[in-house]
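Numbers here are sequence positions counted from 1. All ligand and atom numbering here is 1-based and tracks the order in the structure.
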Amino acid sequence: MEMQNFINLERIEPQKRESSERVEDFKEIYEVFSVEEASNQASRCVQCGDPFCHSKCPLHNYIPYWLKSISGMKNELAFKLSNESNPFPEITGRICPQDRLCEGDCTLNDGHGAITIGSIETFISEHGFKKGLKPEFPGITTNKKVAIVGAGPAGLACATYLLRAGIKVDMYDRQNKAGGLMTYGIPGFKLDKEVVARRVRWLEDAGMSLHVNCEIGKDITFDDIASDHDAIFISIGAESSRKAKLVNENAQNVFMAMDFLRNIQKKLFSENYDHQYDVKGKNVVVIGGGDTAMDCLRTSIREEAKSVKCLYRRDKYNMPGSKKEFKNAREEGAMFVYNASPKEIVVNSKNEVIAIEMQKTMLSNKDASGRAGVEIVKGSEFRVEADIIIFALGFSPSSPTFLAENGIEVNKWGGIEVNTDFETTKSGVYAGGDCKRGSDLVVTAANEGKLAAGKIIKSLLS
Ligand SMILES: Cc1cc2nc3c(=O)[nH]c(=O)nc-3n(C[C@H](O)[C@H](O)[C@H](O)COP(=O)(O)OP(=O)(O)OC[C@H]3O[C@@H](n4cnc5c(N)ncnc54)[C@H](O)[C@@H]3O)c2cc1C
Ligand code: SF4
């Protein structure tokens, strides 16, 4: 098919299930494009000489090339190109905030409507899998062995590129399943858990040994793995929840977003979970306005909470998360209160939450981060009834003791220090993903895993 079809064809999004139907389960809400939709949408691409989408994608995917291939029905070529630079395109295609990345910088994002890059990326792999295509690995062809601590996207990406170089990988994770936050954080309505499990299985088939329920520093020591491997990659994420430092914040039924989401996911996996996180019939208030807050709202709705409200201190135009996720949460019935900052948690005599005291805010000049500042309006206090309060205010690295004990230094935010080769202050030990850069995205974690693998391969095989 001819390219540059944007004059004749409008941007379309994949079909989305009706909100009344989708709140009944945790299944993904978007369909995958049909062959015709993907080919037509790809044919809208301008084929820019210096593609901004490619530069803005953290993995520097060869986007215009695979768009041209899929438009011309060269599905196998598109699959190979897409899977070369990206360790799991069908995952990033589903959950990257494309409006801030590739699609945000698409030349057509000027009124014509950006190419639906993420949805086409998902289609290319899903269609390929249906036709029997699989990621290719050579088998273990070297005598080198690398340990990876943490099976999130950074660890899985690193494993992918090491295995492609014929290096044996031992992967350790303290959870019951691999995937990190892709498995125990991001809800199934955004990313089907089987999609992650399928990639993990292929890595195991390719020669990765997966050791789950194994926490380094607790179940086995760092020395145990150091003595048995030629290099180590640390990708332990950043799961320490940030608190608001409010009166009564340790009351019963005040939860951190990650604890809530992880426990609900464990319940859905039929694993042991803490029943205090059941929200059925409760008034749930979520504090925060990012994507994690949207995930907590939408999870609470599916868990049959009585009411689900988001309290956010800026206005809706200054929300930090993706517009798509905000729209989905609203469609599903979440209520929003803007320009509201928490002051105090109100409890009863049993130290249980009954409400949250809020204050109105006004936006002021932009702060150092470029976002509108927030000023409290004096005497504007108001109460919001709540049985459960969930804080979704971001995450920081947690610096487990094995780091300092082994001379692995962290910066003042707890992020692991690395040089330009992703090597930590201990020789032969590398790090990447959220534990190094602070909480960010699947695609940035995947990119650091991929880049670190390149450096490890160079040091072990050259
Ligand atoms: C609710 C939520 C929703 C999100 N939604 C999106 C989204 O839509 N799109 C997006 O791009 N990003 C999203 N993110 C961010 C994204 O999930 C993270 O940036 C990404 O997962 C970080 O990858 P990572 O590999 O560095 O760490 P993680 O995914 O956190 O994985 C770290 C792994 O290390 C393991 N581990 C930790 N310590 C040890 C130890 N001592 N021994 C063994 N194992 C250990 C943990 O169990 C975990 O499995 C979301 C995050 C959250 C919390
Ligand atoms: S990985 Fe993310 S940023 Fe890169 S092309 Fe895919 S959806 Fe866009």
inquiry  = Under 6.0 Å from the ring centre and within 45 degrees of the ring axis: does the NZ or CZ of K324 meet both conditions for the six-membered ring of Y30?
reply    =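 Yes - K324 lies over the ring of Y30, closer than 6.0 Å to its centre and within 45° of its axis.
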request  = Kindly give the heavy-atom pair with the smallest separation between I117 and E103, and that separation in Å.
outcome  =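 Closest heavy-atom pair between I117 and E103: N-OE2, 2.9 Å.
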Between [X] and [Y], does at least one N-O distance fall below 4.0 Å, as a salt bridge requires?
X    : Y    : answer
E303 : R298 : no
K455 : E423 : no
R22  : D25  : no
K426 : E409 : no

key: Protein N/O/S neighbour count - atom 4 (Fe) of ligand 2, strictly under 2.8 Å   =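 Protein N, O or S neighbours of atom 4 (Fe) of ligand 2 under 2.8 Å, waters not counted, come to 1.
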inquiry  = With rounding to the nearest 0.5 angstrom, report the CG to NZ distance, D170 to K145.
reply    =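 Interatomic distance, D170 CG to K145 NZ, rounded to 0.5 Å: 5.5 Å.
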query = Would you say the side chain of T122 lies within less than 4.5 Å of the side chain of I120, judging by non-hydrogen atoms?
reply =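 Side-chain contact under 4.5 Å: no.
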Identify the protein atoms, limited to N or O, that lie within less than 3.5 Å of an N or O atom of ligand 1, and list each pair with its distance to 0.1 Å.
residue  : atom   : partner : partner atom : Å
ligand 1 : 5 (N)  : K190    : NZ           : 3.4
ligand 1 : 8 (O)  : K190    : NZ           : 3.0
ligand 1 : 9 (N)  : I95     : O            : 2.8
ligand 1 : 11 (O) : V442    : N            : 3.0
ligand 1 : 12 (N) : V442    : N            : 3.4
ligand 1 : 19 (O) : D434    : OD1          : 3.2
ligand 1 : 19 (O) : D434    : OD2          : 2.9
ligand 1 : 19 (O) : D440    : O            : 3.2
ligand 1 : 19 (O) : L441    : N            : 3.3
ligand 1 : 25 (O) : P153    : N            : 3.2
ligand 1 : 25 (O) : A154    : N            : 3.0
ligand 1 : 26 (O) : D434    : N            : 2.8
ligand 1 : 29 (O) : L181    : N            : 2.9
ligand 1 : 41 (N) : I216    : O            : 3.1
ligand 1 : 42 (N) : I216    : N            : 3.0
ligand 1 : 44 (N) : R174    : N            : 3.2
ligand 1 : 47 (O) : D173    : OD1          : 2.8
ligand 1 : 49 (O) : D173    : OD1          : 3.2
ligand 1 : 49 (O) : D173    : OD2          : 2.6

ask   = How about D274 and Q276: does a side-chain donor come under 3.5 Å of a side-chain acceptor?
value =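 Result is yes, a qualifying pair exists.
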